Amino acid sequence: QKEVEQNSGPLSVPEGAIASLNCTYSDRGSQSFFWYRQYSGKSPELIMSIYSNGDKEDGRFTAQLNKASQYVSLLIRDSQPSDSATYLCAVTAEGGNQGGKLIFGQGTELSVKP
Amino acid sequence: GAVVSQHPSRVICKSGTSVKIECRSLDFQATTMFWYRQFPKQSLMLMATSNEGSKATYEQGVEKDKFLINHASLTLSTLTVTSAHPEDSSFYICSANRGSGTDTQYFGPGTRLTVL
């Protein structure tokens, strides 16, 4: 069974600190990796996508991918209380025609304290 | 952009009735749409994958006769919950994929269904 694992948290960081969110996945064939942010009662919102090994930066967010270790992470610099949400890691389901299906982790709840 | 809308945003119905939820891609043509269900404090559960003009592919354990999916055009997919019961109360979310080699899914705002 293909799996995506995240620490459910809650992860609590002080305002201004770096929040580090981690995700591991089991399917070596996965090629696309995503981080979504979900506020309570709302639907997921795309934060970052990453496709190749290394770092990808977008504003305060940096996604890191290591396919050899089957590991993807999201760093949030200068964390703000408005970053408090659940962060979902998603990985494409490979192996045959999966039609772009994503496998989601259970999400990490982040709390940024003022 | 990549805007996906859902209607209605919230619905309350009596047990035994059917409810239809619409999902539209507003500024792009969606080759594939996905339907998810999310219970409180749980992650997204994929229910089915919908391609325009073909039958939906349902995930294991999802009753295709209860959750009817129609993807009649490249911008519209509908989910009908037939003979709804209280245990079907959940947050239903659709997403759309632009296709053309990208796997990125853009989510609609969700529909909160409460079955009394």
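Quantities reported herein were computed from a predicted structural model and do not represent experimental measurements. Lettering of chains follows the sequences in order, A, B, ..., and the numbering in each one begins at 1.
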query: Considering only heavy atoms, which portion of B:Gln38 lies under 4.5 Å from any heavy atom of chain A: side chain, backbone, both, or neither?
result: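 Side chain only.
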
Taking atom [atom1] as the centre, does [X] end up with more than 12 heavy-atom neighbours from other residues, nucleotides or ligands that are less than 6.0 angstrom away?
X       : atom1 : result
B:His85 : NE2   : yes
B:Lys20 : NZ    : no
A:Lys67 : NZ    : yes

- request: Locate the shortest heavy-atom distance separating B:Phe91 from A:Gln38; write the atom from each residue and the value.
  value: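 Shortest heavy-atom contact: CE2-NE2, 4.5 Å.
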
Applying a strict under-4.5 Å side-chain criterion to I, L, V, M, F, W and Y, I'd like to know whether [X] and [Y] cluster together.
X       : Y       : result
A:Phe61 : A:Trp35 : yes
B:Ile69 : B:Leu46 : no
A:Leu74 : A:Val91 : yes
B:Phe34 : B:Ile21 : no

- request: Flag the pair A:Pro44 / B:Ile93 as yes when at least one side-chain heavy-atom distance between them is below 4.5 Å, and no otherwise.
  value: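 A side-chain contact exists here, since the closest heavy-atom pair is under 4.5 Å.
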
- request: Would you check if A:Lys101 and B:Glu59 make a side-chain contact, meaning some heavy-atom pair closer than 4.5 Å?
  value: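 Counting from C-beta outward, A:Lys101 and B:Glu59 do come under 4.5 Å.
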
Partner of B:Ser43 under side-chain contact (heavy atoms from CB on, under 4.5 Å), chosen from A:Thr86, A:Leu88, A:Val4: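 Among A:Thr86, A:Leu88, A:Val4, the one meeting side-chain contact (heavy atoms from CB on, under 4.5 Å) with B:Ser43 is A:Leu88.
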
task: Check whether A:Leu102 gets within reach of chain B through its side chain, its backbone, both or neither, counting any heavy atom under 4.5 Å.
output: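 Interface part for A:Leu102: both.
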
- prompt: A:Ser8, A:Gly107, A:Gly41, A:Ser49: which one forms the most heavy-atom pairs within less than 4.5 Å of chain B?
  reply: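 With the most close heavy-atom pairs to chain B, the winner is A:Gly41.
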
Test log, rule side-chain contact (heavy atoms from CB on, under 4.5 Å), inputs A:Tyr36 and B:Gln105: CA-CA 10 Å; A:Tyr36 287 87; B:Gln105 290 184 26; 3.7 Å; yes

query: Are the side chain of A:Ser43 and the backbone of B:Gly108 linked by a donor-acceptor contact shorter than 3.5 Å?
result: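 Pair found, side chain donor or acceptor close to backbone of B:Gly108.
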
